[in-house]
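Written below as structure tokens is the structure these notes are about.
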There are 2 protein chains.
Amino acid sequence: MHPRRLGILRYLALRARTEGPPPSVREIGLEVGLRSSQTVHHHLLRLEEEGYVDHVGRGARTLRLTGKGWEAAGNMALLGRIAAGRGLEAVAFGDEAYSLAAELLSGRSGRRSYLLRVVGQSMVGARIEDGDLLVVEEDEAPADGAVVVALLGGGDEVTVKRLYREGEMVRLRPENGEHEEILVPAEEVRIQGRVLYVVHPPRRSPSGDGS
Amino acid sequence: MHPRRLGILRYLALRARTEGPPPSVREIGLEVGLRSSQTVHHHLLRLEEEGYVDHVGRGARTLRLTGKGWEAAGNMALLGRIAAGRGLEAVAFGDEAYSLAAELLSGRSGRRSYLLRVVGQSMVGARIEDGDLLVVEEDEAPADGAVVVALLGGGDEVTVKRLYREGEMVRLRPENGEHEEILVPAEEVRIQGRVLYVVHPPRRSPSGDGS
DNA sequence: AACCGTACCAAACATTTGTTTGACGCAGGC
DNA sequence: GCCTGCGTCAAACAAATGTTTGGTACGGTT
């Protein structure tokens with residue numbers, strides 16, 4: 001991905017998560033450092049050809065990120081499915097999830113946020129279960145005891161745990177008796193964000209259906 | 001509230017819940033039946049003076065509903081707090097709730113939806129607990145087994161239960177062993193909507209905090 | 001009756017905004 | 001060397017959009 005275009009996508013994502021209209025062409029230029037509206041226009045055309053952006057109607061500020069665009073922008077980053085146990089699974093999302101996130105976040109501190117889908121049962125004690133959506137706000141220094149998204153092993157591994165700092169060490173505690181705590185040096189873990197909300201449908205009926 | 005202005009507010013709310021930018025002055029006029037952009041402008045000025053709308057930045061399509069505006073628009077309808085046991089409590093909302101609802105609903109079937117805050121523990125079995133937010137989609141005929149919002153006693157009483165139809169009767173089943181089923185004639189209950197999502201923060205840590 | 005405020009319209013105006021035109025420099029391939 | 005594609009700029013154009021101006025009609029007040 002062209003770095004300029006990536007910058008544009010990121011800015012579009014930022015604006016989409018912020019209250020207010022999508023940016024104008026010149027606003028984009030101002031943001032990403034392009035002095036000619038034409039240049040922005042040029043990149044926008046490419047991005048539209050390649051399916052990263054969209055137009056909803058005609059007129060001013062009708063630009064919109066597509067699903068592909070959100071993905072490429074990265075900072076919306078349904079990073080992937082969080083494995084309570086191990087590993088990062090295939091990224092999976094839908095437009096509904098995006099728009100859900102977009103508004104859950106609007107009006108917030110300006111911090112970036114995103115959605116994750118949970119895989120695993122290690123946090124059932126915090127009402128987080130397999131398949132739930134998490135609304136995560138980026139925050140590298142949340143309070144002790146917060147439920148956080150942590151990156152381990154240089155980013156290869158993502159997990160949701162409750163955070164406790166202990167000097168040079170970081171304790172990541174699951175909330176499920178069957179899972180074990182992780183205790184690692186602070187350098188080896190990067191706190192990515194804090195879980196703001198858990199979103200899920202009501203539990204399926206014991207017998208019947210309803211969904 | 002001036003009916004014209006109410007119409008404008010409603011349209012603004014509609015657009016805010018829809019993907020795409022806020023409407024232009026002329027688009028508003030088209031919608032509410034005003035042929036002069038000036039007239040729309042006029043009402044917009046009044047609405048801004050009275051604190052129903054807002055401007056975020058300068059330029060095109062920077063109009064925004066304020067909390068007061070959302071409330072006046074009315075179609076967002078945080079009807080009230082649902083008492084799992086009895087009674088409808090005071091309506092309570094905040095900007096967060098509004099914006100949350102706005103996006104959770106966007107892109108949906110066109111049915112109206114709203115948020116409710118749960119009071120009571122009668123549905124813990126369906127992962128619905130006291131204080132949770134419910135995203136409810138209006139639906140008078142949901143499938144058997146769905147978790148629904150039901151109005152009893154001519155609307156005086158609101159409750160969340162799982163729905164089962166039995167001939168002329170309707171069974172509303174709580175999911176908490178300590179609560180009793182409600183079995184009433186179909187005429188005495190009005191199904192208001194179906195619970196799509198449950199939204200809540202992660203459960204507070206057993207010991208510490210983090211929120 | 002004269003006056004005032006409100007709601008509305010048509011038309012014009014100024015600004016913003018999307019888009020087009022024309023040009024420059026650079027890298028890579030033929 | 002020469003051509004092509006790309007990224008960039010400046011400038012202009014055309015469409016849209018927010019805003020202003022001037023005017024009409026109506027109802028209530030003084």
Side-chain angles (χ1 to χ4, degrees), chain A residues 1-66 68-69 72-74, chain B residues 1-16 18-66 68-69 72-73:
Chain A
M1 165 65 62
H2 195 295
R4 261 290 133 71
R5 302 216 244 278
L6 183 58
I8 292 176
L9 288 180
R10 278 203 226 275
Y11 183 53
L12 287 175
L14 172 67
R15 291 291 297 258
R17 282 184 284 107
T18 311
E19 233 175 348
S24 67
V25 173
R26 285 169 181 79
E27 281 176 348
I28 296 172
L30 216 64
E31 176 67 22
V32 303
L34 289 174
R35 272 179 286 192
S36 170
S37 66
Q38 199 287 334
T39 309
V40 179
H41 192 59
H42 164 71
H43 289 300
L44 252 26
L45 284 179
R46 290 285 174 288
L47 286 169
E48 188 164 9
E49 281 173 16
E50 295 161 17
Y52 294 101
V53 302
D54 220 359
H55 271 284
V56 46
R58 237 158 287 173
R61 299 169 188 266
T62 53
L63 211 53
R64 189 182 54 162
L65 280 171
T66 63
K68 188 177 175 185
Chain B
M1 165 65 61
H2 196 296
R4 261 293 135 69
R5 303 218 241 278
L6 183 58
I8 292 176
L9 288 181
R10 279 204 225 274
Y11 183 53
L12 287 176
L14 172 66
R15 291 290 298 256
T18 312
E19 230 176 351
S24 67
V25 173
R26 284 170 181 77
E27 281 176 349
I28 296 172
L30 215 65
E31 176 67 22
V32 302
L34 289 173
R35 271 177 289 192
S36 170
S37 65
Q38 199 286 335
T39 309
V40 180
H41 192 59
H42 162 73
H43 289 300
L44 252 24
L45 284 178
R46 290 284 173 288
L47 286 170
E48 187 163 9
E49 282 172 14
E50 295 161 17
Y52 294 102
V53 302
D54 219 0
H55 271 284
V56 46
R58 238 158 285 172
R61 300 169 188 265
T62 52
L63 211 54
R64 189 182 55 163
L65 280 172
T66 63
K68 189 177 174 185

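- Judged by distance alone with a 3.5 Å cut-off, a donor-acceptor contact links the side chain of Ser36(B) to the base of dA10(C).
- Not a single donor-acceptor pair under 3.5 Å links the side chain of Arg35(A) to the backbone N or O of Gly29(A).
- Between the side chain of Arg4(A) and the backbone N or O of His43(A) there is no donor-acceptor pair closer than 3.5 Å.
- Between the side chain of Arg64(A) and the backbone N or O of Asp54(A), no donor-acceptor pair lies under 3.5 Å.
- Position along DNA chain D of the nearest nucleotide to Thr62(B) versus Arg5(A) favours Arg5(A) as the more 5'-ward residue.
- In terms of position on DNA chain D, the residue among Leu34(A) and Arg46(A) whose nearest nucleotide sits closer to the 5' end is Arg46(A).
- In this structure, Ile28(A) atom CD1 and dC9(D) atom C1' are separated by 17 Å, rounded to whole Å.
- Across the protein-nucleic acid pair, Arg26(B) atom CZ and dA11(C) atom P stand 13 Å apart, rounded to whole Å.
- Look at CZ on Arg58(A): it is 12 Å from P on dA15(D), rounded to the nearest Å.
- Closest to the His2(B) side chain, of the nucleotides dA7(C), dG18(C), dT19(D), is dA7(C).
- For Leu44(B) and dC8(C), the CG to C1' distance is 15 Å, given to the nearest whole Å.
- For Ser37(A) and dT17(C), a side-chain-to-base donor-acceptor distance below 3.5 Å is absent, hydrogens and geometry of angles not being considered.
- Residue-level contact check: Arg35(A) touches the backbone only, with heavy atoms under 4.0 Å from sugar-phosphate atoms and none from bases.
- With hydrogens and angles ignored, the 3.5 Å screen pairs a side-chain donor or acceptor of Glu27(B) with a backbone N or O of Ser24(B).
- At dA7(C), none of the side-chain N or O atoms of Arg4(B) fall inside 4.0 Å of OP1 or OP2 (strictly under the cut-off).
- As rounded to whole Å, 11 Å separates atom P of dT19(C) from atom CD of Gln38(A).
- A straight line from NE2 of His41(A) to P of dA11(D) spans 19 Å, rounded to a whole angstrom.
- Note: CD (Glu27(A)) to C1' (dT16(C)) measures 10 Å, nearest angstrom.
- Atom NE2 of His42(A) is separated from atom P of dT21(C) by 16 Å (rounded to the nearest Å).
- Backbone-only engagement by Ser24(A) is indicated by non-hydrogen atom pairs under 4.0 Å involving sugar-phosphate atoms exclusively.
- Of the options Thr39(A), Leu34(A), Leu44(A), a side-chain contact (heavy atoms from CB on, under 4.5 Å) to Ile28(A) is made by Leu44(A) and by none of the others.
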